[in-house]
Amino acid sequence: MSDSPLTYTFTRLLVNDLSQTFAFYHDVLGFPAAFNDGEHYAEVNTGSVMIAFFGRGEMARTVGTAEMPAAAEAQDRVALIFEVADVDAMHKEISAKGVVFLGEPADQPAWGIRVAFFRDPDGTLIEINQRLPMEQGQ
């Protein structure tokens with residue numbers, strides 16, 4: 001148990017197209033809907049933490065940043081990481097649903113996992129991974 005007074009409850013992605021992004025996580029990735037008002041806010045249940053979706057413009061107005069640029073060409077600043085039983089099978093399954101991967105699944109021995117990367121409709125980087133089998137003697 002943490003001594004911090006803060007409890008991490010969920011991740012909220014600020015998106016340009018709420019319905020398209022919600023459909024991707026619900027229909028393509030298969031996460032059950034937890035809430036969807038059909039216009040301003042939606043959530044899916046990943047089984048371990050909720051992912052919520054909220055309009056980027058609406059949040060910018062709320063926090064006073066609406067006059068700032070909405071986007072800039074940059075390297076990724078966040079990635080959502082999901083462990084799966086079989087990266088290659090999941091790669092095949094969601095590729096068939098139109099997901100475009102950034103490359104083929106690959107082992108990352110230094111990380112101890114096999115990984116594949118893709119993006120949601122709003123451009124958020126997503127990693128799926130599975131643990132590599134431990135070698136004898138480790």
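The shortest heavy-atom contact between Asp122 and Thr21 is CB-OG1, 4.0 Å. Scanning all heavy atoms of the two residues, the minimum distance from Asp37 to His40 falls at OD1-N, 2.6 Å. In terms of heavy atoms, Ala34 sits closest to Met50 at CB-CE, 3.0 Å. Leu14 and Arg56 make their closest contact through O-NH2, 3.0 Å (heavy atoms, listed as atom of the first residue, atom of the second, distance). Between Asp17 and Ser19, the shortest heavy-atom contact is OD1-OG, 3.1 Å. Nearest heavy atoms, Phe118 versus Val100: CB-O, 3.5 Å.
Between Arg12 and Glu43, none of the side-chain N atoms (NZ, or NE/NH1/NH2) sits under 4.0 Å from a carboxylate O, so this pair counts as no salt bridge. Under the 4.0 Å criterion applied to side-chain N and carboxylate O atoms, Arg119 and Asp76 are assigned as salt-bridge partners. Checked for salt-bridge contact, Asp88 and Arg114 meet the test: a charged N lies under 4.0 Å from a carboxylate O.
The same ILVMFWY cluster, assembled from side-chain heavy atoms under 4.5 Å apart, contains both Val84 and Val99. Residues Ile113 and Phe117 fall within the same hydrophobic cluster, defined by Ile, Leu, Val, Met, Phe, Trp and Tyr side chains chained together at heavy-atom separations under 4.5 Å. Leu80 and Val28 fall within a single hydrophobic cluster, where Ile, Leu, Val, Met, Phe, Trp and Tyr side chains are chained together by heavy-atom contacts under 4.5 Å. One hydrophobic cluster holds both Met90 and Phe82 under the rule that ILVMFWY side chains link at heavy-atom gaps under 4.5 Å.
Taking the centre of each ring, Phe24 and Phe31 stay at or above the 6.0 Å mark.
The aromatic rings of Phe35 and Tyr41 are tilted relative to each other, their planes meeting at an angle between 30° and 60°. The aromatic rings of Phe101 and His91 sit tilted relative to each other, their planes meeting at an angle between 30° and 60°.
Under the 3.5 Å distance criterion, the side-chain polar atoms of Thr46 are matched with a main-chain donor or acceptor of Val49.
Note that NE2 of His26 and CG of Asn45 are 11.0 Å apart. Values are rounded to the nearest 0.5 Å. Taking CD1 from Ile126 and CD1 from Ile81, the interatomic distance works out to 9.5 Å, rounded to the nearest 0.5 Å. The CG atom of Asn129 sits 10.5 Å away from the CD atom of Gln108 when rounded to the nearest 0.5 Å.
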Please determine whether side chain to side chain contact (heavy atoms under 4.5 Å, CB included) holds for the pair Leu125 and Leu102, giving the CA-CA distance in whole Å, both sets of side-chain angles, and the decisive distance to 0.1 Å. CA-CA 10 Å; Leu125 182 63; Leu102 303 179; 3.6 Å; yes
Walk me through whether Leu13 and Ile51 qualify under side chain to side chain contact (heavy atoms under 4.5 Å, CB included). CA-CA 7 Å; Leu13 298 179; Ile51 299 176; 4.1 Å; yes
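When side chains are defined from C-beta on, Asp86 counts as touching Gln130, because their heavy atoms get closer than 4.5 Å. With a 4.5 Å cut-off on side-chain heavy atoms, Val87 and Val115 do not count as touching. In this structure, Phe54 and Val15 have side chains that are not in contact, with every pair of non-hydrogen atoms separated by 4.5 Å or more.
In Lys97, the NZ atom is crowded: over 12 heavy atoms of neighbouring residues, nucleotides or ligands sit closer than 6.0 Å.
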